[in-house]
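Working notes, structure below.
Values below: every heavy atom of this structure, side chains too, minus hydrogens, waters and symmetry copies.
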Amino acid sequence: MDLGLRDRVYVVTGASRGLGRASAIALAAEGAKLVLCSRDEESLNAVAQELGGHENAIAVAGDLSQEETAGRLVAAANGRWDRLDGALISVGGPKPGPVIDITDDDWRGGFETVFLGPLRVARAVAAGIGDYGGSMVFVLSSSVKQPVDGLATSNGLRPGVAMTAKTMADELGPRGIRVNGLLPGRVDTDRVRELDAMSGKGEKARRDFEARIPLRRYGDPDEFGRAAAFLLSPAASYITGVMLPVDGGLIRSV
């Protein structure tokens with residue numbers, strides 16, 4: 001299937017590693033042009049070169065918790081290609097831990113990173129998309145549907161982002177802008193490996209999770225990236241306001 005992504009322009013945040021990087025690779029493979037963002041400038045530049053350099057991808061290092069970053073990303077897209085078709089909005093996970101151990105400062109920091117940062121990008125991208133319409137996808141978490149052990153901050157904040165995205169789908173639909181979310185479960189990224197290691201169970205943590213997943217394995221980042229590329233693409237032109245699990249069946253609710 002041709003996803004219709006050739007020469008369309010997307011912002012991809014969290015693009016230096018994990019799910020953001022996998023999504024950028026999948027979009028570039030379909031011919032999309034990309035503005036890549038993360039705080040890790042060296043790794044970000046390496047990803048941009050991997051995807052073909054300035055012809056196909058430009059790196060704009062920045063922190064989404066800083067208010068000016070979102071505007072810089074939109075300006076970079078319009079400055080290089082004079083077009084913007086949407087965004088894949090991915091951010092790092094907040095500090096892990098149980099509710100009673102997370103400090104007020106940790107909650108505030110998580111809110112800036114997980115909620116306000118992505119919202120700023122979404123607002124800027126929505127303003128920068130032309131009359132031709134577009135698509136935005138928030139990378140969220142299975143915690144939108146059910147709590148994840150040891151990730152109280154994510155459990156508290158991700159559902160709020162999901163409902164905000166759903167509201168944006170209502171508000172932006174008349175302009176032809178679709179807004180969706182992806183809910184990864186246990187995808188084999190550095191972040192998930194770190195969380196498994198922090199459990200104190202070693203390799204048993206992974207085996208325990210795999211036993212709860214109907215497909216009996218962790219996902220590959222490339223599998224997530226392909227789902228992201230589809231949902232952003234014109235091939236998904238009648239899908240909006242959806243929170244799509246990419247979790248091998250881990251989430252038990254419908």
> How far apart are the closest heavy atoms of Arg158 and Ser143, and which atoms are they?
Replying inline: CG-OG, 3.4 Å
> Given Phe209 and Leu195, is the side chain to side chain contact (heavy atoms under 4.5 Å, CB included) satisfied, shown in steps?
Replying inline: CA-CA 12 Å; Phe209 263 108; Leu195 291 173; over 6 Å; no
> Looking only at heavy atoms, what is the nearest atom pair of Asn45 and Ala59, with distance?
Replying inline: OD1-CB, 3.3 Å
> With distance as the sole test, does Arg6 use its side chain to make a donor-acceptor pair with the main-chain N or O of Leu3 at under 3.5 Å?
Replying inline: no
> Counting N and O atoms only, with roles assigned by atom type, does the side chain of Arg216 sit under 3.5 Å from a partner on the main chain of Ile213, one being a donor and the other an acceptor?
Replying inline: yes
> Minimum heavy-atom separation for Arg72 to Ala61, with atom names?
Replying inline: NH2-O, 3.0 Å
> If you take all heavy atoms of Gly241 and Asn180, which pair is closest and at what distance?
Replying inline: N-OD1, 3.1 Å
> Any link between Ile25 and Leu27 through a network of hydrophobic side chains (Ile, Leu, Val, Met, Phe, Trp, Tyr) touching at under 4.5 Å?
Replying inline: yes
>> So that I can tick it off, tell me whether Asp106 and Arg108 are bridged by a salt bridge, with the cut-off set at under 4.0 angstrom between side-chain N and carboxylate O.
In response: no
> If we only count heavy atoms from C-beta on, is the Val11 to Leu84 side-chain gap below 4.5 Å?
Replying inline: yes
> Should the pair Asp208-Lys204 be classified as a salt bridge under the 4.0 Å nitrogen-to-oxygen rule?
Replying inline: yes
>> Can you see whether Tyr132 has Arg175 sitting over its ring - NZ or CZ less than 6.0 Å from the centre and within 45° of the normal?
In response: no
> What heavy-atom pair brings Leu44 and Ser38 nearest, and what distance separates the two atoms?
Replying inline: CD2-N, 3.6 Å
> According to a 4.5 Å side-chain heavy-atom criterion applied to Ile, Leu, Val, Met, Phe, Trp and Tyr, with indirect links allowed, do Leu51 and Val35 form part of one hydrophobic cluster?
Replying inline: no
> Are side-chain heavy atoms of Arg8 and Ser135 found at a separation under 4.5 Å?
Replying inline: no
> Under 3.5 Å, side chain of Arg123 to main-chain N/O of Pro118, donor-acceptor pair present?
Replying inline: no
> Is it true that Asp196 and Arg186 have a side-chain N and a carboxylate O under 4.0 angstrom from each other?
Replying inline: yes
>> So which atom in Ser142 and which in Val148 form the shortest heavy-atom distance, rounded to 0.1 Å?
In response: OG-CG2, 3.7 Å
> Leu140 and side-chain contact (heavy atoms from CB on, under 4.5 Å): which partner among Val114, Leu244, Val161?
Replying inline: Val161
> Could you state the interatomic distance from CD1 (Ile251) to NZ (Lys145), rounded to the nearest 0.5 Å?
Replying inline: 7.0 Å
> What pairs meet the ring-ring contact (aromatic ring centres under 6.0 Å, His included) rule with one or both residues in residues 64-123, with sequence neighbours excluded?
Replying inline: Phe111-Phe115
> Between Lys33 and Arg80, is a side chain to side chain contact (heavy atoms under 4.5 Å, CB included) present by the stated rule, with each step listed?
Replying inline: CA-CA 10 Å; Lys33 309 298 185 184; Arg80 176 67 181 86; over 6 Å; no
> Within the distance-only criterion (no hydrogens, no angle test), does the side chain of Ser23 pair as donor or acceptor with the backbone N or O of Ala228 below 3.5 angstrom?
Replying inline: no
> Can you tell me if CD on Glu41 sees more than 12 non-hydrogen neighbours from other groups inside 6.0 Å?
Replying inline: no
> Between Asp63 and Ser65, does any side-chain donor sit less than 3.5 Å from a side-chain acceptor?
Replying inline: yes
> Quick one: which of Leu232, Leu19, Thr13 gives a side-chain contact (heavy atoms from CB on, under 4.5 Å) with Leu88?
Replying inline: Leu232
> Knowing that exactly one of Arg206, Arg212, Arg207 qualifies, which makes a salt bridge (Lys or Arg N to Asp or Glu O under 4.0 Å) with Glu210?
Replying inline: Arg206
>> For residues Val137 and Val9: do they belong to one hydrophobic cluster (side chain heavy atoms under 4.5 Å, members Ile, Leu, Val, Met, Phe, Trp, Tyr)?
In response: no
>> Can you tell me how far apart CZ (Arg178) and OH (Tyr238) are? Round to the nearest 0.5 Å.
In response: 12.0 Å
>> To the nearest 0.5 Å, what is the distance between CG on Leu73 and CD1 on Ile58?
In response: 9.0 Å
> When you measure from the side chain of Ser233 to the backbone N and O of Leu5, does any donor-acceptor pair fall under 3.5 Å?
Replying inline: no
> Taking 4.0 angstrom as the limit, do Asp188 and Arg193 come out as a salt bridge?
Replying inline: yes
>> Using side chain to side chain contact (heavy atoms under 4.5 Å, CB included), reason through Leu231 and Ile239 one step at a time and then give a plain yes or no.
In response: CA-CA 8 Å; Leu231 205 53; Ile239 301 174; 3.9 Å; yes
> Does the Asp85 side chain pair with the main chain of Gly134, one donor and one acceptor, at a distance under 3.5 Å?
Replying inline: no
>> Using 0.5 Å steps for rounding, measure from the SG atom of Cys37 to the CG atom of Leu64.
In response: 5.0 Å
>> When you group the ILVMFWY residues by side-chain heavy-atom contacts below 4.5 Å and let the links chain together, are Leu182 and Val179 in the same group?
In response: no
>> Under 4.0 Å between a side-chain nitrogen and a carboxylate oxygen: does that hold for Arg120 and Glu112?
In response: yes
>> With heavy-atom distances below 4.5 Å as the criterion, would you say the side chains of Val60 and Leu36 are in contact?
In response: no
> Would you say the side-chain atoms of Asn155 pair up with the backbone N or O of Leu151, donor to acceptor, closer than 3.5 Å?
Replying inline: yes
> What is the distance from atom CG of Asp247 to atom OH of Tyr218, rounded to the nearest 0.5 Å?
Replying inline: 12.5 Å
> Would a hydrophobic clustering, with Ile, Leu, Val, Met, Phe, Trp and Tyr connected at side-chain separations under 4.5 Å, put Leu34 with Val91?
Replying inline: no
>> Return the CE to CE distance between Met163 and Met168, rounded to the nearest 0.5 Å.
In response: 14.5 Å
> Does anything in residues 222-246 pair up under salt bridge (Lys or Arg N to Asp or Glu O under 4.0 Å), and if so which pairs, sequence neighbours excluded?
Replying inline: Arg217-Glu223
> Within a radius of less than 6.0 Å around CZ of Arg39, do more than 12 heavy atoms belonging to other residues, nucleotides or ligands occur?
Replying inline: no
> Stepwise, does the side chain to side chain contact (heavy atoms under 4.5 Å, CB included) test hold for Val139 with Phe224?
Replying inline: CA-CA 10 Å; Val139 179; Phe224 181 91; 3.8 Å; yes
